[in-house]
Amino acid sequence: MDQPPWAEGIDLSRPSPARVYDYLLGGGHNFASDRALAEQMLAVEPDARRWAAANRSFLGRAVEALLDVGVRQFIDLGAGIPTVGNVHDIALGATSDARVVYVDVDQVAVSHSRHLVADVADRVGVVQADLRSPRGVLGDPVTQRLIDFSRPVGILMVAVLHFVPDSDDPGAVLAAYRDAVPTGSGLVISHMSYPARMTDEVKQTVKTYSSSAAPLTFRTQPEVEALFAGWWLADPGVVPVLEWRPPASGDGGAPDIPGLVGVGIKA
Ligand SMILES: C[S@@+](CC[C@H](N)C(=O)[O-])C[C@H]1O[C@@H](n2cnc3c(N)ncnc32)[C@H](O)[C@@H]1O
């Protein structure tokens, strides 16, 4: 495999969630190992592509909903590789004074993000960090430069918390972010969940993903609702991804895409 200069030091033979997701979305920032894992997933879960597209579409609607209630700054945790419909495009499109900090643990995602936001670096920054260390994320000089913690902040955790196992205490991680932001802030979560029927195919998908850099933890509806502890859940609550304020055009998705989403407001 040819190692691009910007990927120096990265083990490209090991699939990464950011690049597998990029492949599912039809992006070009992925390598043979990522495509092989994605194809294995698609073989057992043909809806994986539609899930990725539906999730990305939800991210856009959720950011717009927060902009509508006055949130102008966003910390996008597990932001991934920037593709169509980036948070900063939506936010800066709505208001030129928006601020966005992209955070990802994956070096390739971070490298691409930095390249992409170079021309708006005064308002958009990129941090390479593990979201499980809120102090590191919140105290990073880039975050401190861009985010005014006396004003509402949108905390985005879209398609990422299923990479945080219970043993890493996601409740405590979320509490640290919640306590750092003022009233009027928002929390956006999209989370892989068990489909209505737990088939052998789905079990196989989970097993397949466990060979990547970050194994999957599926959570139930009550478990996802519990992640919003201390936040007021905006309508329609925690629902399947296609049912959160669906666009008039629809997402054309299958009814049983196994993803739960919600938006909380700090009251
Ligand atoms: C499926 S992608 C989601 C991308 C984007 N949030 C979206 O929904 O379109 C998950 C991203 O989370 C990142 N990630 C996984 N665990 C993480 C962690 N502990 N800290 C920061 N980023 C993480 C991965 O590198 C990947 O880029």
Side-chain angles (χ1 to χ4, degrees), residues 7 10-12 14-27 29-31 33-34 37-38 41 45 48-63 74-90 100-114 116 126-138 140 143 154-170 172-174 176-177 187-193 205 209-210 212-218 241 244 251 257-263:
I10 301 173
D11 179 3
L12 296 181
R14 194 152 186 233
S16 112
R19 302 190 307 261
V20 170
Y21 184 69
D22 175 68
Y23 180 73
L24 291 176
L25 282 172
H29 309 300
N30 46 74
F31 300 95
S33 61
D34 309 308
L37 176 56
M41 286 176 68
E45 182 49 83
R49 272 210 168 97
R50 262 185 285 179
W51 172 80
N55 178 69
R56 194 78 193 165
S57 168
F58 160 73
L59 168 63
R61 298 200 297 285
V63 168
F74 298 88
I75 302 178
D76 188 354
L77 298 159
I81 294 174
T83 47
V84 179
N86 292 317
V87 172
H88 75 280
D89 286 333
I90 300 168
V100 178
V101 174
Y102 289 118
V103 179
D104 206 286
V105 77
D106 184 294
Q107 213 175 332
V108 173
V110 166
S111 170
H112 277 290
S113 303
R114 288 204 172 118
L116 194 101
V126 186
V127 172
Q128 183 172 7
D130 192 317
L131 71 87
R132 290 169 295 183
S133 303
R135 250 206 266 171
V137 171
L138 298 170
D140 188 279
T143 313
I155 302 287
L156 312 179
M157 293 196 176
V158 179
V160 67
L161 282 173
H162 40 243
F163 297 117
V164 179
D166 290 344
S167 55
D168 285 341
D169 199 353
V173 171
L174 279 158
Y177 290 108
L187 172 66
V188 175
I189 291 177
S190 162
H191 202 295
M192 288 297 279
S193 63
T205 302
Y209 222 92
S210 66
S212 79
L216 280 176
T217 299
F218 281 22
V241 59
W244 201 91
D251 274 328
I257 289 184
L260 289 170
V261 304
V263 175

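Just follow the structure's listing: the first ligand is 1, and inside any ligand the first atom is 1. Each residue takes its place number in the sequence, starting with 1.
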A.B. asks: Using a plain distance cutoff, I'd like to know if L131 has any nitrogen or oxygen under 3.5 Å from a nitrogen or oxygen of ligand 1.
C.D. replies: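 Yes; the residue has a nitrogen or oxygen that sits under 3.5 Å from a nitrogen or oxygen of the ligand.
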A.B. asks: For atom 13 (C) of ligand 1, tell me which residue out of D104, L25, V105 has the closest non-hydrogen atom.
C.D. replies: D104
A.B. asks: Is the closest N or O pair between D76 and ligand 1 shorter than 3.5 Å?
C.D. replies: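 No, D76 has no N/O under 3.5 Å of an N/O on ligand 1.
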A.B. asks: Ignoring hydrogens and angles, tell me if any N or O in the side chain of Y177 forms a donor-acceptor pair with the backbone of L131 under 3.5 Å.
C.D. replies: yes
A.B. asks: Decide whether the shortest distance between a heavy atom of A109 and an atom of ligand 1 is less than 4.0 Å.
C.D. replies: no
A.B. asks: Which of these, P17, A159, G60, has its nearest heavy atom closest to atom 10 (C) of ligand 1?
C.D. replies: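 Comparing heavy atoms across P17, A159, G60, the nearest one to atom 10 (C) of ligand 1 lies in A159.
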A.B. asks: Please lay out, stage by stage, how Y102 and N86 fare under the test side-chain hydrogen bond (donor to acceptor under 3.5 Å, both in side chains).
C.D. replies: CA-CA 10 Å; Y102 289 118; N86 292 317; 4.6 Å; no
A.B. asks: Only heavy atoms of D106, strictly under 4.0 Å: list the atoms of ligand 1 that pass.
C.D. replies: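 So the atoms of ligand 1 that pass are 25 (O).
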A.B. asks: So which bit of S16 gets within less than 4.0 Å of ligand 1, heavy atoms only: side chain, backbone, both or neither?
C.D. replies: neither
A.B. asks: Check whether any heavy atom of V103 sits under 4.0 Å from an atom of ligand 1.
C.D. replies: no
A.B. asks: Taking only heavy atoms of F163 into account, list the atoms of ligand 1 that are under 4.0 Å away from them.
C.D. replies: 10 (C), 15 (C), 16 (N)
A.B. asks: Do R14 and F31 form a cation-pi contact, if we require the NZ or CZ to be under 6.0 Å from the six-membered ring centre and within 45 degrees of the ring's axis?
C.D. replies: no
A.B. asks: Restricting to side-chain hydrogen bond (donor to acceptor under 3.5 Å, both in side chains), what partner residues turn up for D140, sequence neighbours left out?
C.D. replies: none
A.B. asks: Should the proximity of N55 to ligand 1, defined as any heavy atom under 4.0 Å, be assigned to the side chain, the backbone, both, or neither?
C.D. replies: side chain
A.B. asks: Do D104 side-chain atoms and G80 backbone N/O form a donor-acceptor pair below 3.5 Å?
C.D. replies: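 Here the side-chain-to-backbone pair exists.
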A.B. asks: Using distance alone, decide if ligand 1 has a nitrogen or oxygen within less than 3.5 Å of any nitrogen or oxygen in R56.
C.D. replies: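 Yes, at least one N or O pair falls under 3.5 Å.
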A.B. asks: Between I155 and L174, is any pair of side-chain heavy atoms under 4.5 Å apart?
C.D. replies: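 No, side chains not in contact.
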A.B. asks: Sub-3.5 Å donor-acceptor pair from the side chain of R132 to the main-chain atoms of D168, do we have one?
C.D. replies: no
A.B. asks: Any atom of ligand 1 sitting under 4.0 Å from a heavy atom of A129?
C.D. replies: yes
A.B. asks: Output all residues satisfying salt bridge (Lys or Arg N to Asp or Glu O under 4.0 Å) with D169, sequence neighbours left out; order by chain, then residue number.
C.D. replies: none
A.B. asks: Is there a donor-acceptor pair closer than 3.5 Å between any side-chain N or O of T143 and the backbone N or O of L138?
C.D. replies: no
A.B. asks: From atom 3 (C) of ligand 1, work out which of L24, V158, N86 has a heavy atom at the shortest distance.
C.D. replies: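 Ranked by closest heavy atom to atom 3 (C) of ligand 1, first place is V158.
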A.B. asks: Find all atoms of ligand 1 within a distance of less than 4.0 Å from any non-hydrogen atom belonging to R132, and give their numbers and elements.
C.D. replies: 19 (N)
A.B. asks: For S16, is there any backbone N or O sitting under 3.5 Å from a side-chain donor or acceptor partner on D34?
C.D. replies: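 Checking the backbone N and O of S16 against the side chain of D34, a donor-acceptor pair under 3.5 Å is found.
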A.B. asks: Numbering the atoms of ligand 1 from 1, which are under 4.0 Å from a heavy atom of D130?
C.D. replies: 18 (C), 19 (N), 20 (N)
